[in-house]
Undergrad: 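The structure is given below, and queries will be raised subsequently.
Computed over heavy atoms, backbone and side chain alike; hydrogens, waters and symmetry mates excluded.
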Amino acid sequence: MAGFVPFLFVSLIATGCAARPFYPLPSKISNENKQPIQTSRPYNIAHRGSNGEIPEETAVAYMRAIEEGADFIETDILATKDGVLICFHDVTLDETTDVAKYKEFANRKRTYDVQGSLTTGFFTVDFTLEELKKLKVKQRYPFRDQQYNGEFSIITFEEFISIALDASRVVGIYPEIKNPVLINQHVKWLHGKRFEDKFVETLKKYGYGGPYMSKDWLKQPIFIQSFAPTSLIYTSNLTDSPKIFLIDDVTIPTQDTNQSYWEITSDHYLDFIKQYVVGIGPWKDTVVPEKDNYLQTPTDLVAKAHARNLQVHPYTYRDENVFLHFNFHQDPYQEYDFWLNKIGVDGLFTDFTGSLHNFQEWTSPLSRNHSSYKSSSSEVLEKIALLISSYKNG
């Protein structure tokens, strides 16, 4: 972000991300002079921000992702006890916050049914926003950089939107309607409104709307994602913003309709869901199965989706060896090359925005490092030389 993000990044670390609001709400700066979002190559989707470096779903993780070249910043939307929409992945706070150290919250631990399994922990739906703002976020994986643990707070959906809208170039957002069944069971809004209603209201408040690739979409790009088919269908009646149907592992049924992986990837179901979505977001091992950490023969899921004009945005790509299949010889660039150039997907959810951006820049036909660029550049220079020569001789 041309000097702005590094300064803010350092200042946020120095101040420890003071409570609320640490970042101004959207200023709605005109997009007229901003660099537009690229649409000529697969999308670089910053999964929970640049969370390979910075604790997930924090303001700094998102600003870092923008600085590194993300096309979209991705987030999971949950709700607080008092109905405020927040950016947080897990329905419980236990794994990625310091909630356990607060004695005043010791009696908040509950057991709820989450997608058919009894889950015990400190649930976001049992805390107000003011209470959640007291907590600090930490890295999910112990093998990632731990120096920022305890530095940053949970942010709201509106604060997330502000980061995208106030970027120095057009940056898309990719919010997920997270666990809508659980949220609608435990959080109640006035006038019988649902989680999905509040979600779309927030988007409309800040100008998001319009079909994929429309003028309005290009001004403020967005994909709405969910694992819950009924939630996506309900939301399609509230906004024409493009939607992505997320697909989990083959062993996990849909969270609201209890449909199997095999059902929701059938020709019949894809024909049905394409009325409401512009693409699918499958777990990558369902696209190309693995055995003993080696890739097997790819399925026909990408082909079936593309035959229906549906985009495919698999998740999640991570640079560490523990996540890389043996086929890629501990090289994340080989993984990117495989998925982008052999499988032919339309976007990737990655924890490491910078490495995906670098790969795409280095291998793009427009890149100065690409052989075709050098070849075409040479050809242009030769043509110019011939024109100059003919002019002089003329």
Undergrad: I want to check something: taking the side chain as every heavy atom from C-beta on, are F72 and I37 in contact at a cut-off of under 4.5 Å?
TA: yes
Undergrad: Quick one: do V181 and I86 end up in the same hydrophobic cluster if we chain Ile, Leu, Val, Met, Phe, Trp and Tyr together by side-chain heavy atoms under 4.5 Å apart?
TA: no
Undergrad: With the threshold set at 4.0 Å, does a side-chain nitrogen-carboxylate oxygen contact exist between E201 and K198?
TA: yes
Undergrad: Applying the side-chain contact (heavy atoms from CB on, under 4.5 Å) test to V91, which of N179, V125, I183 qualifies?
TA: N179
Undergrad: Can a side-chain donor-acceptor contact be found between D76 and H89 if the only test is distance below 3.5 angstrom?
TA: no
Undergrad: Might you work through the ring-ring contact (aromatic ring centres under 6.0 Å, His included) test for H186 and Y112, ending with a clear yes or no?
TA: CA-CA 10 Å; H186 294 276; Y112 294 140; 4.1 Å; yes
Undergrad: Scan Q38, R169, R41 and name whichever one has a side chain to side chain donor-acceptor pair (under 3.5 Å) with D71.
TA: Q38
Undergrad: Please determine whether side-chain contact (heavy atoms from CB on, under 4.5 Å) holds for the pair D248 and F227, giving the CA-CA distance in whole Å, both sets of side-chain angles, and the decisive distance to 0.1 Å.
TA: CA-CA 7 Å; D248 216 322; F227 285 98; 4.0 Å; yes
Undergrad: Enter the distance from I173:CD1 to S241:OG here, rounded to the nearest 0.5 Å.
TA: 8.5 Å
Undergrad: Passes side-chain contact (heavy atoms from CB on, under 4.5 Å), F245 versus L232? Steps please.
TA: CA-CA 8 Å; F245 177 38; L232 288 171; 3.8 Å; yes
Undergrad: I would like to know whether F195 and I177 meet side-chain contact (heavy atoms from CB on, under 4.5 Å); could you show each step before the answer?
TA: CA-CA 8 Å; F195 178 31; I177 304 171; 3.7 Å; yes
Undergrad: Answer yes or no on whether R318 is positioned over the face of F352, meaning its NZ or CZ is under 6.0 Å from the six-membered ring centre and within 45° of the axis.
TA: no
Undergrad: With K136 as the cation and F152 as the aromatic partner, state whether NZ or CZ is under 6.0 Å from the six-membered ring centre and within 45° of the axis.
TA: no
Undergrad: Report the C-alpha separation of T265 and K304 in whole Å, then their side-chain angles, then the decisive distance to 0.1 Å, and conclude whether the side chain to side chain donor-acceptor pair (under 3.5 Å) test is met.
TA: CA-CA 9 Å; T265 58; K304 290 200 297 185; 5.0 Å; no
Undergrad: Say you draw a straight line from OG1 of T286 to CD1 of I280; how long is it, rounded to the nearest 0.5 Å?
TA: 7.5 Å
Undergrad: Does the pair D271/R308 count as a salt bridge with the N-to-O cut at 4.0 Å?
TA: yes
Undergrad: Is the shortest side-chain N to carboxylate O distance from K101 to D98 below 4.0 Å?
TA: yes
Undergrad: Would R144 and E320 pass as an ion pair if we require N to O under 4.0 Å?
TA: yes
Undergrad: Using a strict 4.0 Å threshold on nitrogen-to-oxygen distance, state whether R64 and E67 make a salt bridge.
TA: yes
Undergrad: Is there a ring-ring contact (aromatic ring centres under 6.0 Å, His included) between F223 and H313? Walk through the geometry before answering.
TA: CA-CA 11 Å; F223 288 109; H313 300 169; 5.3 Å; yes
Undergrad: Is a salt bridge present between D126 and K109, judged by a nitrogen-to-oxygen distance below 4.0 Å?
TA: no
Undergrad: For a ring-ring contact (aromatic ring centres under 6.0 Å, His included) check, start with the C-alpha distance between F160 and Y62, then their side-chain angles and the critical distance, and finish with the verdict.
TA: CA-CA 8 Å; F160 168 82; Y62 290 119; 4.9 Å; yes
Undergrad: Will you find, in the side chains of D216 and S214, an N or O donor that is under 3.5 Å from an N or O acceptor?
TA: no
Undergrad: Salt-bridge test for R48 and E74: reply yes if a basic N is under 4.0 Å from a carboxylate O, no otherwise.
TA: no
Undergrad: Passes side-chain contact (heavy atoms from CB on, under 4.5 Å), Y336 versus S355? Steps please.
TA: CA-CA 9 Å; Y336 291 144; S355 65; 3.0 Å; yes
Undergrad: Do NZ/NE/NH1/NH2 and the carboxylate oxygens of R140 and E57 come within less than 4.0 Å?
TA: no
Undergrad: Hey, are R108 and E131 close enough for a salt bridge, meaning a charged N less than 4.0 Å from a carboxylate O?
TA: yes
Undergrad: Report yes or no: do V345 and L324 belong to one cluster of Ile/Leu/Val/Met/Phe/Trp/Tyr joined by side chain heavy-atom distances under 4.5 Å?
TA: no
